[in-house]
Peer 1: 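I'd like to ask some things about the structure below.
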Amino acid sequence: MVQNKQKKIRLGPREKEVLKFLSEHPEGVWKTDLIRHFSWASRYDGVISKRLYNLQKKGLIEIRDEINPETGRSKYRVYLKQ
């Protein structure tokens, strides 16, 4: 008999900071702006992107492809899942 157990999601301190930042912006944040906010060097951008991907895999955030109304180009927007 297999039972579904809810696993406790483990978060690091930086992941908690990202979630706190997203909770302060319920309308969502452009992914590039989020990376700029948490990245101290361009070399670190990949680390932040990987962190966002892992949070998405854990089901805590949602990354959607949307059209930026200012430029008319497609960009990613990050939302906190409720």
Side-chain angles (χ1 to χ4, degrees):
M1 183 180 263
V2 178
Q3 294 179 349
N4 291 337
K5 289 184 179 179
Q6 283 193 347
K7 284 183 107 176
K8 184 176 180 181
I9 298 173
R10 301 181 83 180
L11 296 174
R14 301 292 182 221
E15 290 174 328
K16 289 177 184 175
E17 285 182 26
V18 171
L19 293 176
K20 182 180 176 196
F21 181 80
L22 287 172
S23 69
E24 295 168 357
H25 299 87
E27 71 282 357
V29 181
W30 295 113
K31 184 178 175 184
T32 53
D33 295 339
L34 190 66
I35 289 173
R36 287 288 138 242
H37 184 269
F38 285 101
S39 179
W40 46 269
S42 62
R43 287 181 165 184
Y44 195 59
D45 291 355
V47 174
I48 299 295
S49 291
K50 181 72 174 177
R51 187 168 290 142
L52 292 174
Y53 174 72
N54 286 337
L55 284 170
Q56 185 181 18
K57 270 193 342 191
K58 292 176 183 179
L60 298 172
I61 65 171
E62 184 177 358
I63 301 175
R64 292 188 215 150
D65 194 17
E66 295 183 1
I67 303 294
N68 186 351
E70 296 174 6
T71 62
R73 300 185 86 173
S74 178
K75 287 177 77 175
Y76 289 108
R77 195 154 178 95
V78 182
Y79 296 95
L80 183 65
K81 278 192 175 177
Q82 298 300 336

Peer 1: Check side chain to side chain contact (heavy atoms under 4.5 Å, CB included) between K8 and all other residues, then give those that pass, not counting sequence neighbours.
Peer 2: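 Here no residue qualifies.
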Peer 1: Under 3.5 Å, which donor-acceptor pairs do the side chains of residues 34-49 form with other protein atoms, sequence neighbours left out?
Peer 2:
unit_1 : atom_1 : unit_2 : atom_2 : d
R36    : NH2    : D45    : OD2    : 2.8
S39    : OG     : A41    : O      : 2.7
S39    : OG     : D45    : OD1    : 2.6
S49    : OG     : D45    : O      : 3.2

Peer 1: Nearest heavy-atom pair of V78 and I63: which atoms, and what distance?
Peer 2: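 Shortest heavy-atom contact: CG2-CG1, 4.1 Å.
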Peer 1: What pairs of residues pass the ring-ring contact (aromatic ring centres under 6.0 Å, His included) test when at least one of them lies in residues 48-82, not counting sequence neighbours?
Peer 2: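 Matches after skipping sequence neighbours: none remain.
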Peer 1: For I67, enumerate each residue passing the side chain to side chain contact (heavy atoms under 4.5 Å, CB included) test, keeping only those at least two apart in sequence or located in another chain.
Peer 2: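 For I67, the residues satisfying side chain to side chain contact (heavy atoms under 4.5 Å, CB included) (neighbours in sequence not counted) are S74.
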Peer 1: About how many Å separate CZ of R64 and CZ of R77, when rounded to the nearest 0.5 Å?
Peer 2: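 Answer for the CZ-CZ pair, R77 versus R64, is 9.5 Å.
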Peer 1: Once rounded to the nearest 0.5 Å, what's the spacing between atom NZ of K58 and atom CD1 of I9?
Peer 2: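 Spacing of NZ (K58) from CD1 (I9) equals 7.5 Å.
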Peer 1: Enumerate, atom names and distances included, each donor-acceptor pair closer than 3.5 Å involving a side-chain atom of residues 16-29, sequence neighbours excluded.
Peer 2:
unit_1 : atom_1 : unit_2 : atom_2 : d
E17    : OE2    : R14    : NH1    : 2.8
S23    : OG     : K20    : O      : 2.6
H25    : ND1    : F21    : O      : 2.9

Peer 1: Among residues at least two apart in sequence or on other chains, which ones pass side chain to side chain contact (heavy atoms under 4.5 Å, CB included) with N54?
Peer 2: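 By the side chain to side chain contact (heavy atoms under 4.5 Å, CB included) rule, N54 matches E15, K50, K57.
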